[in-house]
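Take a look at the structure set out below.
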Amino acid sequence: MKTIAESALRLVKKSEAEIRAGVQLTSGNISVYPESIHKLGDAVVMMARDENKRFLMVVADCEKFMPKGFAGEVCSLSDCGGLLVGELDAANAAALRQHFPWCAPRSLRKERTTVGCGDRLGLATYGHVLAAKRYKLSPVLAQQSMRELSMTNRTFRGVVDDATFLVFCADYREGYGADGDHLKKIEDIDVALEAGMPMITLDLSEVMNAAAGDWSAEEIEKAFANLSGDAQNRINTAYADKEFVVGSIAVKIDALTAKRCAVMYDEALNFALKVYKHLCAKRGEEFDLEISIDETTSPTLPSHHLYIARELRRMGIEFSSLAPRFVGEFQKGIDYIGDLAEFDKQFTVHAQIAKAYGNYKVSVHSGSDKFSVYPTVGRETDGYLHLKTAGTSWLVAVEVIAKCDPQLYRDMHKCALANFNDMLKLYHITADINKIPALETLSDDQLPALMDMAEGRQLLHINYGPILTGELRERFFKAMHKFEKEYTEAVRLHFEKHISLLGVPLK
């Protein structure tokens with residue numbers, strides 16, 4: 001390690017380009033990530049790895065004047081120089097964000113195309129960045145829900161820190177987002193904000209009256225009569241028996257539908273206003289608010305989407321994106337299930353509504369691997385979209401393990417089978433796992449093909465929690481460190497497939 005540090009010390013007065021060209025990148029079992037080499041005054045900051053872990057190296061011209069904020073063990077180099085070796089911990093992540101502000105997430109509300117890159121492992125960002133560098137989009141590299149945090153024993157701060165290190169490592173200076181995903185309570189939103197997450201996906205499923213979607217006319221009339229007189233008058237005047245033209249499409253709202261929308265959504269929209277004011281107080285204009293109404297059992301009707309969008313605008317809520325519940329099945333880790341022609345027809349209306357009411361981004365949740373609908377999504381939104389992916393980078397890791405460490409995969413598969421029924425309580429999938437061949441009938445070479453089966457993908461997809469927090473955790477992360485290059489390349493290729501099918505142009 002000192003050999004690498006001494007080579008950096010000799011170049012510390014040079015330009016960053018000269019330092020990168022001249023630093024010795026390997027010594028024994030230690031190697032430096034070339035794009036992580038950055039000049040900081042009279043110091044060089046870089047990331048390296050050995051056979052066990054990644055770590056930070058700071059080489060200073062003078063040992064007494066190390067850049068502030070970095071933590072670790074310091075040793076002397078020649079000519080009064082010094083070397084600090086630090087863990088990838090919270091203190092050093094904060095130091096990177098302080099000295100290299102592009103390492104911190106920012107608001108992406110003005111960006112046209114954004115892609116959520118959920119990373120349950122804290123290891124996928126490098127591959128995500130390699131894909132993002134090629135296309136005209138802005139990635140949301142730190143994205144987790146409360147459920148994901150609880151199932152991986154992570155925190156919002158840890159998720160942001162993990163992204164920080166890999167953004168620095170990949171030298172990605174174009175800006176990225178961080179999303180507190182599917183949050184329902186202001187106290188949870190505050191935790192995400194304090195961790196530096198500028199995007200909040202507000203899940204309204206617990207404050208909207210979704211059941212009213214199936215109520216009879218008599219039940220709707222009774223509930224509507226309980227609203228204030230002013231609210232009733234406004235709904236009847238603004239929506240009842242009205243036709244709204246969005247693009248080339250007319251959306252009609254009859255009187256009963258207008259009342260149903262008020263009963264279903266008004267309490268939720270008032271909560272959205274409360275959250276919006278809270279975000280403004282906390283971050284001014286530097287935040288992205290996504291409104292999520294996708295966590296329901298029934299698709300969002302175009303008339304309901306229009307009502308919600310108009311009411312959000314009337315209330316003065318500035319939101320970046322809105323996630324309806326689309327027709328068909330958006331199950332985890334597999335392609336779209338349903339009538340593609342009907343999806344295309346309905347999605348076109350959703351996209352026209354978004355264009356008519358502020359050109360906000362239509363957000364596609366559970367968007368991982370929905371390859372058959374991507375061309376429609378990209379085309380009909382003209383690229384004003386947010387694609388939210390989460391578990392697919394985990395499945396890429398599973399596939400890498402299946403190829404590179406068959407015995408570990410077999411043990412992960414057995415763990416998934418043992419916990420399958422418990423995980424079904426948390427995730428909606430329809431996979432018949434009885435279709436998956438018994439492991440003892442498969443050779444090692446046949447294991448990766450299980451990730452080409454919908455049933456195999458969904459089995460492993462929903463069981464990331466037991467695998468990552470149980471007795472397999474240490475073996476899994478050791479394997480992921482060993483096969484880091486294979487994983488990074490696999491993530492890059494997988495996300496480029498997502499992005500290219502959306503029609504996102506190359507840079």
Side-chain angles (χ1 to χ4, degrees), residues 105-118 128 132 135-143 174-183 197-204 246-247 249 269 272 275-276 279 283 285-295 300 302 304-313 315-326 330 343-344 346-368 370 373-390 495 498-499 501-505:
R106 64 173 177 82
S107 167
L108 302 177
R109 65 160 65 185
K110 296 180 181 179
E111 305 300 332
R112 182 188 190 103
T113 305
T114 52
V115 177
C117 305
H128 290 146
Y135 291 88
K136 293 181 179 179
L137 61 82
S138 297
V140 179
L141 297 173
Q143 169 199 292
E174 297 174 38
Y176 72 98
D179 179 9
D181 189 18
H182 278 286
L183 300 183
M197 288 184 150
M199 179 176 178
I200 298 298
T201 297
L202 179 62
D203 184 342
L204 296 178
V246 291
I249 300 167
L269 293 171
V275 169
Y276 173 69
L279 292 174
R283 291 190 60 97
E285 295 184 352
E286 292 300 311
F287 66 87
D288 309 303
L289 174 60
E290 174 159 297
I291 303 295
S292 169
I293 53 173
D294 72 304
E295 292 291 322
T300 306
H304 291 213
H305 181 177
L306 185 142
Y307 178 88
I308 292 166
R310 281 178 58 91
E311 287 297 287
L312 288 168
R313 292 304 185 202
M315 298 166 83
I317 299 173
E318 292 294 327
F319 60 102
S320 301
S321 49
L322 186 146
R325 164 72 160 85
F326 299 112
F330 279 70
F343 173 85
D344 290 357
Q346 292 204 22
F347 187 86
T348 298
V349 182
H350 288 299
Q352 291 296 328
I353 292 170
K355 291 175 184 177
Y357 293 100
N359 209 26
Y360 53 86
K361 288 174 273 194
V362 179
S363 186
V364 180
H365 285 198
S366 297
S368 301
K370 304 301 181 289
V373 305
Y374 291 160
T376 295
V377 171
R379 180 183 66 249
E380 296 302 324
T381 59
D382 295 325
Y384 285 93
L385 66 93
H386 181 67
L387 178 69
K388 184 163 289 191
T389 73
F495 270 79
H498 283 66
I499 297 163
L501 286 172
L502 283 169
V504 180

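- Counting only distance, with no hydrogens or angles, the side chain of Lys361 and the backbone of Ala354 share no donor-acceptor pair below 3.5 Å.
- Arg112 contributes a side-chain N or O that, together with a main-chain N or O of Asp382, makes up a donor-acceptor pair within less than 3.5 Å.
- In plain terms, the two heavy atoms of Leu137 and Ala132 that are nearest each other are CD1-CB, 3.9 Å.
- The distance from the OG1 atom of Thr300 to the CD1 atom of Ile293 is 4.0 Å, given to the nearest 0.5 Å.
- Tyr360 is listed as a side-chain neighbour of Arg313, based on a closest heavy-atom distance under 4.5 Å.
- Note that the OG atom of Ser363 and the CD1 atom of Ile291 stand 11.0 Å from one another [nearest 0.5 Å].
- In this structure, the side chains of Val377 and Leu387 stay at 4.5 Å or more apart for every pair of heavy atoms.
- Between Thr113 and Gly383 the shortest heavy-atom distance is OG1-O, 2.6 Å.
- Between Leu279 and Leu289, the closest side-chain pair of non-hydrogen atoms falls below 4.5 Å.
- Distance alone, capped at 3.5 Å, is enough to place a donor-acceptor pair between the His386 side chain and the Thr114 backbone.
- Within the 4.5 Å cutoff, no side-chain heavy atoms of Glu286 are placed close to those of Pro198.
- With rounding to the nearest 0.5 Å, the separation of CZ in Arg310 from CG in Leu312 is 12.0 Å.
- Proximity of Arg379 to Thr376: side-chain heavy atoms (C-beta onward) are separated by under 4.5 Å at one or more points.
- Lys355 places no side-chain N or O within donor-acceptor distance of the main-chain N or O of Ile353, the cut-off being under 3.5 Å.
- Here the closest heavy-atom approach between residue Tyr276 and residue Gly316 is recorded as CE2-O, 3.4 Å.
- Between Phe330 and His365, the gap from one ring centroid to the other reaches at least 6.0 Å.
- Taken to the nearest 0.5 Å, the NZ atom of Lys388 stands 5.5 Å off from the NE2 atom of His182.
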- Query: Between Ser292 and Asp203, is a side chain to side chain donor-acceptor pair (under 3.5 Å) present by the stated rule, with each step listed?
  - Reply: CA-CA 5 Å; Ser292 169; Asp203 184 342; 4.6 Å; no
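- Below 30°, between 30° and 60°, or above 60°: for Phe326 and Phe343 the angle between ring planes is above 60°, a perpendicular geometry.
- Checking Asp179 against Thr201 by side-chain atom types alone, a donor-acceptor pair falls below 3.5 Å.
- Shown here for Pro324 and Val362, the closest heavy-atom pair between the two residues is CD-CG1, 4.4 Å.
- At least one side-chain heavy atom of Leu306 sits less than 4.5 Å from a side-chain heavy atom of Val246.
- Both cation-pi conditions hold for Arg109 and Phe287: the charged atom is under 6.0 angstrom from the six-membered ring centre and inside a 45 degree cone around its axis.
- With hydrogens and angles disregarded, a donor-acceptor distance shorter than 3.5 Å links the side chain of Thr389 to the backbone of Gly116.
- Formation of a donor-acceptor pair under 3.5 Å by the Asp288 side chain with backbone atoms of Leu108 is found in this model.
- Aromatic pair Phe347/His350: ring centres not closer than 6.0 Å.
- Counting all heavy atoms, side chain and backbone alike, Ala272 lies closest to Leu202 at CA-CD2, 3.8 Å.
- Shown here for Pro139 and Gly175, the closest heavy-atom pair between the two residues is CD-O, 3.9 Å.
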